[in-house]
Chemist: 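Have a look at the structure that comes next, please.
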Amino acid sequence: MQIALGSDHGGYQLKEEIKKLLTEMDLKYSDYGTKSTESVDYPDFAIQVAEAVAKGEAERGILVCGTGIGMSIVANKVKGVRAALCHDLFSAQATREHNDSNVLALGERVVGRGLALEIVKVWLNTDFEGGRHQRRVDKIKEIE
Ligand code: RB5
(Lines give C-alpha, C1' and ligand atoms only; values in the text may rest on other atoms or scores of the structure.)
Protein backbone atom coordinates (compact mmCIF):
# COMPACT_ATOMS: atom_id res chain seq x y z
CA MET A 1 0.00 0.00 0.00
CA GLN A 2 1.37 3.41 -1.04
CA ILE A 3 0.55 6.26 1.34
CA ALA A 4 0.71 10.00 0.63
CA LEU A 5 1.71 12.09 3.65
CA GLY A 6 1.43 15.80 4.24
CA SER A 7 1.42 18.34 7.04
CA ASP A 8 1.80 22.01 7.78
CA HIS A 9 4.12 23.33 10.50
CA GLY A 10 1.51 22.47 13.18
CA GLY A 11 1.58 18.83 12.16
CA TYR A 12 5.21 18.45 11.13
CA GLN A 13 6.48 16.60 14.22
CA LEU A 14 3.65 14.07 14.15
CA LYS A 15 4.13 13.52 10.40
CA GLU A 16 7.75 12.62 11.09
CA GLU A 17 6.63 10.12 13.76
CA ILE A 18 4.11 8.63 11.33
CA LYS A 19 6.91 8.14 8.78
CA LYS A 20 8.84 6.05 11.34
CA LEU A 21 5.71 4.01 12.06
CA LEU A 22 5.06 3.34 8.36
CA THR A 23 8.65 2.17 7.94
CA GLU A 24 8.19 -0.20 10.90
CA MET A 25 4.97 -1.44 9.29
CA ASP A 26 6.87 -2.02 6.03
CA LEU A 27 4.60 0.40 4.15
CA LYS A 28 5.73 2.73 1.38
CA TYR A 29 5.03 6.46 1.55
CA SER A 30 5.57 9.69 -0.35
CA ASP A 31 6.14 12.78 1.78
CA TYR A 32 4.62 15.91 0.21
CA GLY A 33 6.01 18.15 2.96
CA THR A 34 6.21 20.42 4.82
CA LYS A 35 9.83 19.90 5.71
CA SER A 36 10.19 21.93 8.93
CA THR A 37 8.25 23.75 11.66
CA GLU A 38 8.50 27.03 9.72
CA SER A 39 5.04 28.53 9.21
CA VAL A 40 3.30 27.48 5.96
CA ASP A 41 -0.29 27.29 4.65
CA TYR A 42 -2.05 23.95 5.15
CA PRO A 43 -4.10 24.06 1.89
CA ASP A 44 -0.86 23.87 -0.13
CA PHE A 45 -0.09 20.45 1.36
CA ALA A 46 -3.61 19.08 1.71
CA ILE A 47 -4.28 19.56 -2.00
CA GLN A 48 -1.16 17.65 -3.05
CA VAL A 49 -2.01 14.63 -0.89
CA ALA A 50 -5.70 14.69 -1.83
CA GLU A 51 -4.87 14.83 -5.55
CA ALA A 52 -2.36 11.98 -5.23
CA VAL A 53 -5.13 9.84 -3.72
CA ALA A 54 -7.75 10.98 -6.23
CA LYS A 55 -5.41 10.16 -9.15
CA GLY A 56 -4.58 6.74 -7.70
CA GLU A 57 -0.91 7.62 -7.19
CA ALA A 58 -1.46 6.67 -3.55
CA GLU A 59 -4.08 4.31 -2.13
CA ARG A 60 -4.43 6.32 1.08
CA GLY A 61 -3.42 9.72 2.41
CA ILE A 62 -2.60 10.99 5.89
CA LEU A 63 -2.69 14.72 6.64
CA VAL A 64 -1.65 16.43 9.87
CA CYS A 65 -2.07 20.03 10.96
CA GLY A 66 -2.61 21.61 14.36
CA THR A 67 -6.23 20.50 14.61
CA GLY A 68 -6.65 18.32 11.51
CA ILE A 69 -9.67 20.44 10.65
CA GLY A 70 -8.15 22.62 7.95
CA MET A 71 -6.59 19.59 6.27
CA SER A 72 -9.89 17.69 6.26
CA ILE A 73 -11.82 20.68 4.86
CA VAL A 74 -9.42 21.03 1.94
CA ALA A 75 -9.07 17.30 1.21
CA ASN A 76 -12.84 16.81 1.08
CA LYS A 77 -13.09 19.35 -1.75
CA VAL A 78 -11.28 16.97 -4.09
CA LYS A 79 -13.53 14.57 -6.01
CA GLY A 80 -13.02 10.99 -4.95
CA VAL A 81 -11.54 11.87 -1.57
CA ARG A 82 -13.30 10.90 1.63
CA ALA A 83 -11.25 12.46 4.39
CA ALA A 84 -11.99 11.58 8.01
CA LEU A 85 -10.82 13.62 10.98
CA CYS A 86 -10.24 11.09 13.77
CA HIS A 87 -9.02 11.58 17.31
CA ASP A 88 -10.19 8.29 18.79
CA LEU A 89 -9.81 4.63 17.88
CA PHE A 90 -13.53 3.93 17.48
CA SER A 91 -13.89 6.62 14.80
CA ALA A 92 -10.74 5.45 13.01
CA GLN A 93 -12.15 1.92 12.76
CA ALA A 94 -15.72 2.98 11.96
CA THR A 95 -14.76 5.40 9.21
CA ARG A 96 -12.89 2.67 7.37
CA GLU A 97 -15.68 0.11 7.85
CA HIS A 98 -18.54 2.47 7.01
CA ASN A 99 -17.20 5.38 4.91
CA ASP A 100 -14.28 3.71 3.12
CA SER A 101 -12.34 6.87 3.99
CA ASN A 102 -9.18 7.18 1.93
CA VAL A 103 -7.61 10.13 3.77
CA LEU A 104 -7.03 10.38 7.52
CA ALA A 105 -6.70 13.84 9.09
CA LEU A 106 -5.09 14.28 12.49
CA GLY A 107 -4.44 17.22 14.79
CA GLU A 108 -1.01 17.22 16.40
CA ARG A 109 -2.20 19.79 18.97
CA VAL A 110 -5.24 17.68 19.88
CA VAL A 111 -3.97 14.16 20.59
CA GLY A 112 -0.74 12.81 22.04
CA ARG A 113 1.79 10.93 19.93
CA GLY A 114 0.89 7.52 21.35
CA LEU A 115 -2.83 7.76 20.60
CA ALA A 116 -2.19 9.34 17.20
CA LEU A 117 0.02 6.45 16.12
CA GLU A 118 -2.55 3.90 17.33
CA ILE A 119 -5.21 5.74 15.30
CA VAL A 120 -2.98 5.49 12.22
CA LYS A 121 -2.45 1.75 12.77
CA VAL A 122 -6.16 1.02 13.24
CA TRP A 123 -7.15 3.17 10.25
CA LEU A 124 -4.60 1.46 7.97
CA ASN A 125 -5.48 -2.05 9.15
CA THR A 126 -9.28 -1.84 8.94
CA ASP A 127 -11.16 -2.92 5.79
CA PHE A 128 -14.31 -1.39 4.31
CA GLU A 129 -17.36 -3.51 5.11
CA GLY A 130 -19.23 -2.86 1.86
CA GLY A 131 -22.87 -4.01 1.77
CA ARG A 132 -25.26 -1.28 2.89
CA HIS A 133 -22.27 1.01 3.40
CA GLN A 134 -21.36 0.71 -0.28
CA ARG A 135 -24.80 2.07 -1.19
CA ARG A 136 -24.15 5.09 1.02
CA VAL A 137 -20.68 5.69 -0.38
CA ASP A 138 -22.21 5.48 -3.86
CA LYS A 139 -24.62 8.25 -2.86
CA ILE A 140 -21.65 10.42 -1.84
CA LYS A 141 -20.17 9.79 -5.31
CA GLU A 142 -23.48 10.83 -6.92
CA ILE A 143 -23.31 14.15 -5.04
CA GLU A 144 -19.80 14.72 -6.43
C1 RB5 B 1 -1.82 26.65 12.02
O2 RB5 B 1 -1.60 27.57 13.03
C3 RB5 B 1 -3.18 25.99 12.21
O4 RB5 B 1 -4.18 26.90 11.90
C5 RB5 B 1 -3.29 24.75 11.33
O6 RB5 B 1 -2.27 23.87 11.66
C7 RB5 B 1 -4.58 23.96 11.44
O8 RB5 B 1 -4.90 23.70 12.77
C9 RB5 B 1 -5.70 24.46 10.64
O10 RB5 B 1 -6.79 23.88 10.62
Side-chain angles (χ1 to χ4, degrees), residues 1-129 133-134 136-144:
M1 187 193 297
Q2 179 74 24
I3 296 157
L5 282 179
S7 78
D8 70 353
H9 55 289
Y12 171 74
Q13 313 253 21
L14 179 55
K15 173 171 66 70
E16 296 305 299
E17 294 292 331
I18 292 170
K19 282 161 65 174
K20 289 184 209 161
L21 172 68
L22 296 180
T23 300
E24 281 169 26
M25 292 174 77
D26 214 15
L27 292 171
K28 295 192 185 108
Y29 63 80
S30 306
D31 182 358
Y32 289 82
T34 188
K35 297 191 184 309
S36 74
T37 54
E38 188 181 331
S39 184
V40 290
D41 299 332
Y42 60 84
D44 297 338
F45 301 90
I47 192 67
Q48 292 184 64
V49 167
E51 287 186 340
V53 172
K55 288 177 189 162
E57 292 166 7
E59 196 175 323
R60 306 268 195 94
I62 301 175
L63 286 165
V64 193
C65 63
T67 60
I69 296 170
M71 289 298 199
S72 61
I73 290 171
V74 176
N76 277 315
K77 295 202 177 296
V78 176
K79 186 177 177 186
V81 169
R82 291 177 300 283
L85 174 61
C86 297
H87 289 137
D88 65 272
L89 297 174
F90 174 79
S91 300
Q93 181 176 333
T95 189
R96 285 290 311 133
E97 290 174 345
H98 293 199
N99 314 124
D100 197 17
S101 55
N102 49 15
V103 172
L104 173 68
L106 285 163
E108 181 181 317
R109 297 171 185 161
V110 182
V111 283
R113 172 188 170 279
L115 177 56
L117 296 181
E118 285 303 312
I119 288 169
V120 170
K121 278 191 227 170
V122 166
W123 185 76
L124 288 173
N125 286 329
T126 304
D127 291 329
F128 180 48
E129 277 184 0
H133 302 297
Q134 183 63 60
R136 294 160 187 169
V137 169
D138 289 344
K139 289 190 177 188
I140 296 173
K141 290 178 181 169
E142 281 170 28
I143 293 166
E144 288 176 330

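Indexing begins at 1, ligand by ligand and atom by atom, following the structure's order.
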Chemist: So which protein residues pack against ligand 1 under 4.0 Å, heavy atoms counted?
Modeler: Asp8, His9, Tyr42, Cys65, Gly66, Thr67, Gly70, Arg109

Chemist: Can Lys19 and Glu16 be said to form a salt bridge (Lys or Arg N to Asp or Glu O under 4.0 Å), step by step?
Modeler: CA-CA 5 Å; Lys19 282 161 65 174; Glu16 296 305 299; 3.2 Å; yes

Chemist: Near Asp138 CG, under 6.0 Å, is it more than 12 heavy atoms from other residues, nucleotides or ligands?
Modeler: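 It does: Asp138 CG has more than 12 such atoms within range.
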
Chemist: Checking Glu118 now: which residues fulfil side chain to side chain donor-acceptor pair (under 3.5 Å) with it, not counting sequence neighbours?
Modeler: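 Only Lys121 meet the side chain to side chain donor-acceptor pair (under 3.5 Å) criterion with Glu118.
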
Chemist: Provide the full list of side chain to side chain donor-acceptor pair (under 3.5 Å) pairs with a residue in residues 38-58, sequence neighbours left out, each pair given once.
Modeler: none

Chemist: Please enumerate all residues that pass salt bridge (Lys or Arg N to Asp or Glu O under 4.0 Å) together with Glu17, with sequence neighbours excluded.
Modeler: Lys20, Arg113

Chemist: Verify whether one side chain among Gln2 and Ser30 offers a donor that lies under 3.5 Å from an acceptor in the other.
Modeler: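 Short answer, yes.
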
